[in-house]
Amino acid sequence: MSLRWSHVGLNCRDLGATEAFYERWFGFSRARTVELDDDRIVFLRQGDVYLELFHSDTEPLVKPAGDGPAQPGVARHLAFQTDDLDAFLTKVGDEVPVTLGPLHFDDFIPGWQSVWLTDPDGVIVEVSEGYRDA
C-alpha cells in the first residue's frame with residue numbers, strides 16, 4: 001500500500017471568483033466539475049496539485065492577516081514556489097491584497113524570501129522564492 005498527496009478542499013463564497021483567482025495567478029485549470037442537486041464541486045489542477053472548491057454561504061471563522069490563522073485545526077496558509085518573486089509581485093500589482101511581506105530569510109537560507117496574499121475568500125496564500133531543503 002502506498003499513499004500520495006491528493007488535494008486541498010476550500011470553502012468558497014463565489015466558486016467562479018475563486019476558480020478565476022487560482023487560474024490567473026497560479027496556473028490552475030479546471031479538471032472536473034461534479035454537479036449536485038443545487039450546487040457543484042469544482043476540481044482545479046496544476047501539475048500534480050489539486051484544489052477542490054465547495055460553495056459555502058457561512059461567514060469566515062477568522063479574518064485574513066499575517067501569514068495566516070494560528071488556531072489549531074485551521075490551515076495556516078497554502079504555499080507556492082516561484083523562481084522570481086519580484087516578477088510575480090509585479091504581475092499581481094495591487095490586484096491581490098498582501099497581508100505580510102515580502103520578508104527575507106537570508107539568516108536561514110541565502111536568497112529565501114516570501115510574501116503572503118489572500119484569495120477571494122480570505123485564504124492566506126504564500127509565494128516563496130529560494131527555499132531549499134537542508
Side-chain angles (χ1 to χ4, degrees):
M1 182 186 87
S2 68
L3 295 174
R4 64 186 182 282
W5 182 259
S6 179
H7 64 269
V8 172
L10 299 175
N11 293 317
C12 312
R13 290 184 156 262
D14 180 338
L15 287 173
T18 302
E19 181 175 6
F21 174 86
Y22 286 101
E23 285 178 344
R24 181 173 183 190
W25 303 117
F26 297 97
F28 282 83
S29 59
R30 185 180 287 190
R32 176 177 295 275
T33 302
V34 176
E35 298 295 333
L36 305 172
D37 290 335
D38 58 351
D39 214 344
R40 75 172 63 133
I41 300 170
V42 176
F43 286 87
L44 302 179
R45 180 179 184 182
Q46 188 237 63
D48 291 334
V49 176
Y50 286 87
L51 299 176
E52 183 180 16
L53 308 182
F54 295 88
H55 178 257
S56 176
D57 286 326
T58 61
E59 292 297 317
L61 290 175
V62 294
K63 291 185 178 195
D67 68 344
Q71 291 83 359
V74 177
R76 193 171 188 112
H77 56 253
L78 303 179
F80 295 88
Q81 293 285 321
T82 183
D83 294 333
D84 191 338
L85 186 59
D86 290 335
F88 176 80
L89 290 171
T90 298
K91 178 180 167 184
V92 168
D94 294 333
E95 293 187 52
V96 180
V98 172
T99 60
L100 183 64
L103 299 179
H104 297 269
F105 303 107
D106 291 314
D107 289 347
F108 306 103
I109 301 172
W112 181 22
Q113 58 180 332
S114 296
V115 68
W116 291 265
L117 317 159
T118 61
D119 80 359
D121 303 294
V123 173
I124 302 294
V125 181
E126 176 185 356
V127 180
S128 186
E129 174 188 340
Y131 171 83
R132 293 178 303 285
D133 288 344

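Every heavy atom of this structure was used, including side-chain atoms; hydrogens, water molecules and symmetry mates were not.
Remark: side-chain polar atoms of Arg45 are not paired, donor with acceptor, to backbone N or O of Leu51 under 3.5 angstrom. Side chain of Arg24 to backbone of Tyr22: no donor-acceptor contact under 3.5 angstrom is found. A donor-acceptor pair is defined here as one N or O able to donate and one able to accept, closer than 3.5 Å; no such pair exists between the side chain of Glu126 and the backbone of His77.
For the residue pair Ile124 and Pro64, the shortest heavy atom distance occurs at CD1-CB, 3.8 Å. When all heavy atoms of Pro69 and Ala75 are compared, the pair lying nearest together is CG-O, 3.5 Å. Of all heavy-atom pairs spanning Leu15 and His55, the tightest one is CD2-N, 3.8 Å. Summarising the geometry of Thr118 relative to Val96, their closest heavy-atom pair is O-CG1, 3.4 Å, with the distance given to 0.1 Å. In plain terms, the two heavy atoms of Leu44 and Glu19 that are nearest each other are CD2-CG, 3.6 Å. Annotation for Gln71 and Val62: closest pair OE1-CG1, 3.6 Å, computed over non-hydrogen atoms.
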Audit row: Glu95, Trp25, side chain to side chain contact (heavy atoms under 4.5 Å, CB included) steps and yes/no: CA-CA 10 Å; Glu95 293 187 52; Trp25 303 117; 3.8 Å; yes
Evaluation steps, side chain to side chain contact (heavy atoms under 4.5 Å, CB included), between Leu10 and Asp121: CA-CA 9 Å; Leu10 299 175; Asp121 303 294; over 6 Å; no
Stepwise side chain to side chain contact (heavy atoms under 4.5 Å, CB included) test for Tyr131 and Asp133: CA-CA 7 Å; Tyr131 171 83; Asp133 288 344; 3.1 Å; yes
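Hydrophobic clustering, with ILVMFWY side chains joined whenever heavy atoms are under 4.5 angstrom apart, groups Val49 together with Phe88. Linking ILVMFWY residues whenever their side-chain heavy atoms come closer than 4.5 Å, directly or via other members, leaves Val8 and Val34 in distinct clusters. Linking ILVMFWY side-chain heavy atoms closer than 4.5 Å, directly or via other members, places Phe43 and Phe80 in two distinct hydrophobic clusters. Leu100 and Val92 are not part of a single hydrophobic cluster, where members link through side-chain heavy atoms under 4.5 Å apart. Phe54 is connected to Leu36 through a chain of hydrophobic side-chain contacts under 4.5 Å among Ile, Leu, Val, Met, Phe, Trp and Tyr, so both are in one cluster.
Checked against a 6.0 Å centroid threshold, the rings of Phe26 and Phe21 count as neighbours.
Atom CZ of Arg40 is surrounded by 12 or fewer heavy atoms from other residues, nucleotides or ligands within 6.0 Å. Remark: Asp48 CG is loosely packed, at most 12 non-hydrogen atoms of other residues, nucleotides or ligands lying under 6.0 Å away.
Rounded to the nearest 0.5 Å, atoms CG (Asp67) and CZ (Arg76) are 4.0 Å apart. Going from atom OG1 of Thr90 over to atom CG of Asp84 covers 8.0 Å, rounded to the nearest 0.5 Å. Between Thr33 atom OG1 and Leu53 atom CG the span is 9.5 Å, to the nearest 0.5 Å. Note that OG1 of Thr18 and CZ of Arg13 are 10.5 Å apart. Values are rounded to the nearest 0.5 Å.
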Kindly list each side-chain donor-acceptor pair under 3.5 angstrom involving residues 102-112, sequence neighbours excluded, with atom names and distances?
{"residue": "His104", "atom": "ND1", "partner": "Gln113", "partner atom": "OE1", "Å": "3.4"}
{"residue": "Asp106", "atom": "OD1", "partner": "Gly111", "partner atom": "N", "Å": "2.5"}
{"residue": "Trp112", "atom": "NE1", "partner": "Ser128", "partner atom": "OG", "Å": "2.9"}

